[in-house]
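To find a chain, count down the sequence lines: A is the first, B the second, and so on, and within it residues start at 1.
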Number of protein chains: 2
Amino acid sequence: MTARHRTVSDDKPLAEGLARQLEQEIIDGVIRPGDELDERRLAERFGVSRTPIREALRRLGVERLIELRPRRSAIVRSLTAQNLAQMFEVLSGLESFAAECAARRMNQQQIEQLRSIHEETAAIVDAGDRDGFDRLNFQFHQAIYRGAGNPYLLEQLEGLRTKLAPYRRWLLRRLDRMRQSHNEHAVILEAIEAGDGARAATEMRRHICDPDRLVDFMMMEQAER
Amino acid sequence: MTARHRTVSDDKPLAEGLARQLEQEIIDGVIRPGDELDERRLAERFGVSRTPIREALRRLGVERLIELRPRRSAIVRSLTAQNLAQMFEVLSGLESFAAECAARRMNQQQIEQLRSIHEETAAIVDAGDRDGFDRLNFQFHQAIYRGAGNPYLLEQLEGLRTKLAPYRRWLLRRLDRMRQSHNEHAVILEAIEAGDGARAATEMRRHICDPDRLVDFMMMEQAER
DNA sequence: AACTACGTTTTGGTATACCAGATTTAATAT
DNA sequence: ATATTAAATCTGGTATACCAAAACGTAGTT
C-alpha cells in the first residue's frame, strides 16, 4: 500500500492519542493480559508508522499497564483484583499523607473553599446526580492536594488518580457509596479545620479504601463472570 | 562525517545509557536549569542518531528532570532546594506508609532478616565504611519495602529512591549521619518487631527527612556558592 | 522609527529502511 | 526417538529522510 504520510494538522502528539486508545482497549478487556503488543502489527492497524506506536508503548509502560521487555514484544500486564487493590492502597497512603500535610498547612481561605465544595456536594448527593458527584468529589480531593503545599506530591497524586479513575468510577457506582463518601468527607474536613493532621490522615486512608474489603468485593465480581 | 552505524553489541538499550549520562550532567550542573536540549545537537554530540536521544529525553521527562514542550525544545527543569525537599517529603510519606504496612504484615522470618541486616550494619558504622553503609542502608529499607507486601508500592519506592539516590548520598556525606541513621533504624526495627504500625510510620518519616531542616541545609549550601 | 507581513531557519513529529538479538523450526547426528 | 545445532524468521533497536509548526529575521509600508 502506498501509505500516504499522515498530515499532522492536530496540535497534539499522535502518540498520546494512540496511548489513550490502547489504554481504553486494555481496560475494556479487548486486549487481554498476557497478549503481545507487536509494534508492526499495531502500526499497520492504526495506519501509522512504528515511531508513534513505540512512544505510545513507552507511555503505557510508564503507567504500568504493559511490560516492556528488552528485545521482546511488550505484553499487557495482568491487572488482577489484587494488583488494583495494591494500587488503591498506595493511593490511600499518598492521599492520607496529603491530608495530613493539608491539615497542617492550609490557610483559612483554602479551608473555606474546601468547605464550600463540601457543602455544594450535599445538594448533589440528595439529587442523586452521579456525574456531578464525581466532579465535585474530584474537586474536594484536589483542593486537599493543593492544600498540602507540595507540587510534587500533587503531581504524583493526580497521575495515580487519573490512572485509577476508570476503576474508581466503576467501584463507586457498584457500591453506591455517594452518601457514605460525602459523610466521610465531612469527617476529613473537620479534622483539617481543627488542624489535626494525624486524624485527617487516618480518616482519609479509611475513606480512599479499605483495601481488604475492596479486594473482597473485586474477588466477588470476578467470581460472578 | 560519514557517521558509521553504531554496532550495537551491548545488551542494554542505548537510550538508557544516554539518559543516565544526561541525568548526571544535569545533577552536576554541567547542563543548567533552563538550558534547551536540542535533539540534533545532542545526537551529534553523542555520535548517535536522534531516535535514541528522543527516548532518553522521554525518560528524563518522566523523571521530571526536564520539561517536554510540544514542538519546542525540551528544557532542564529548575531543581531548586525546594523541589528536592518536596520530593524527599513524598518519599518520606511513602516510606512511612511502607513501614506501617510492614509492621502489620512482616512474618517472623522477614523480621529476622531485617534484624540481621541491622546488626551487620553496626560493625560497618564503627569502621566508618561509607560505601558499605550505603549498601546496607539500602538493603534495610528494601527489606521493609518487600515486607510491606505490596509490589506496586515497592516499585514506586524503588523508582523514587533511585531518582533521589545521588542527592541522598551527597546529603548523607555532608551531614555525616551514619551513626544517627543507624540508631534511627534501631527504633524502626523495634516498632516493626512490636507490630506497632503507627509508631513505625512515625519513626520512618522522621528518619527519611525532617523536610524543614533539609531545606534549611540545602539553602545554606546554595548560599555558599 | 516602528510595526506588520512574509520568507527563512530551526526543530520536533512522523515515516521508512536497515541491523542485530531472540525465538522458532528444521535438519542432522547420536 | 531425542537431543543438539544451525538456518530462517520474527521483532525490537537504531539510523536516516521528510514534513510541518514555531521561532527568527528581514524587508516593505505607514
Can you check the Ile75(B) CD1 to dT11(C) P distance for me, whole Å?
15 Å
Taking all heavy atoms of Pro33(A) and all of Ser78(A), pick out the closest pair and write down the distance.
CB-CA, 3.5 Å
How do Glu36(B) and Thr51(B) order along DNA chain C: which one's closest nucleotide is nearer the 5' end?
Glu36(B)
Among the candidates dT11(C), dG12(D), dG13(C), find the nucleotide nearest to the side-chain atoms of Asp38(B).
dT11(C)
Taking 4.0 angstrom as the limit, do Glu16(B) and Arg58(B) come out as a salt bridge?
no
d(CG, Leu57(B); C1', dG12(C)) in whole Å:
11 Å
CZ of Phe46(B) versus C1' of dT14(D): gap in Å, rounded?
16 Å
Ion pair check, Arg45(B) and Glu39(B), cut-off under 4.0 Å:
no
NA contact type, Leu37(B), heavy-atom cut-off 4.0 Å: base, sugar-phosphate, or nothing?
sugar-phosphate
Arg72(A) near the nucleic acid: base, sugar-phosphate alone, or nothing, with a heavy-atom cut-off under 4.0 Å?
sugar-phosphate
Distance-only donor-acceptor test, Arg40(A) side-chain atoms vs dG12(D) base atoms, 3.5 Å
yes
In whole Å, what is the span from the CZ atom of Arg54(B) to the P atom of dT14(C)?
7 Å
Between Arg58(B) and dG13(C), is there a side-chain N or O to OP1/OP2 distance below 4.0 Å?
yes
Taking atom P of dA15(D) as reference, at what distance in whole Å does atom CD of Glu39(B) sit?
14 Å
Could you give all pairs that pass the salt bridge (Lys or Arg N to Asp or Glu O under 4.0 Å) test and reach residues 145-155 of chain B, with sequence neighbours left out?
Arg64(A)-Glu155(B), Arg77(A)-Glu155(B)
Side-chain contact check for Pro52(B): nearest option of dA15(D), dG13(D), dT14(C) is dA15(D)
Are OP1 or OP2 of dG12(C) and a side-chain N or O of Arg69(B) less than 4.0 angstrom apart?
no
Heavy atoms only, 4.0 Å cut-off, all strands: where does Ser73(A) land among base, sugar-phosphate and nothing?
sugar-phosphate
Give a yes or no answer on whether the side chain of Glu119(B) reaches the backbone of Ser116(B) with a donor-acceptor pair at less than 3.5 Å.
no
d(CD, Glu16(A); P, dG12(C)) in whole Å
19 Å
Could you please name the option among dG13(C), dG12(D), dA15(C) that lies closest to any side-chain atom of Arg50(B)?
dG13(C)
Write down the distance between CD (Glu55(B)) and C1' (dT14(D)), rounded to a whole number of angstrom.
10 Å
State which of dT11(D), dA15(D), dG21(C) makes the closest approach to the side chain of Arg41(A).
dT11(D)
Regarding the side chain of Arg71(B), the nearest nucleotide among dA20(D), dG13(D), dA15(C) is dA20(D)
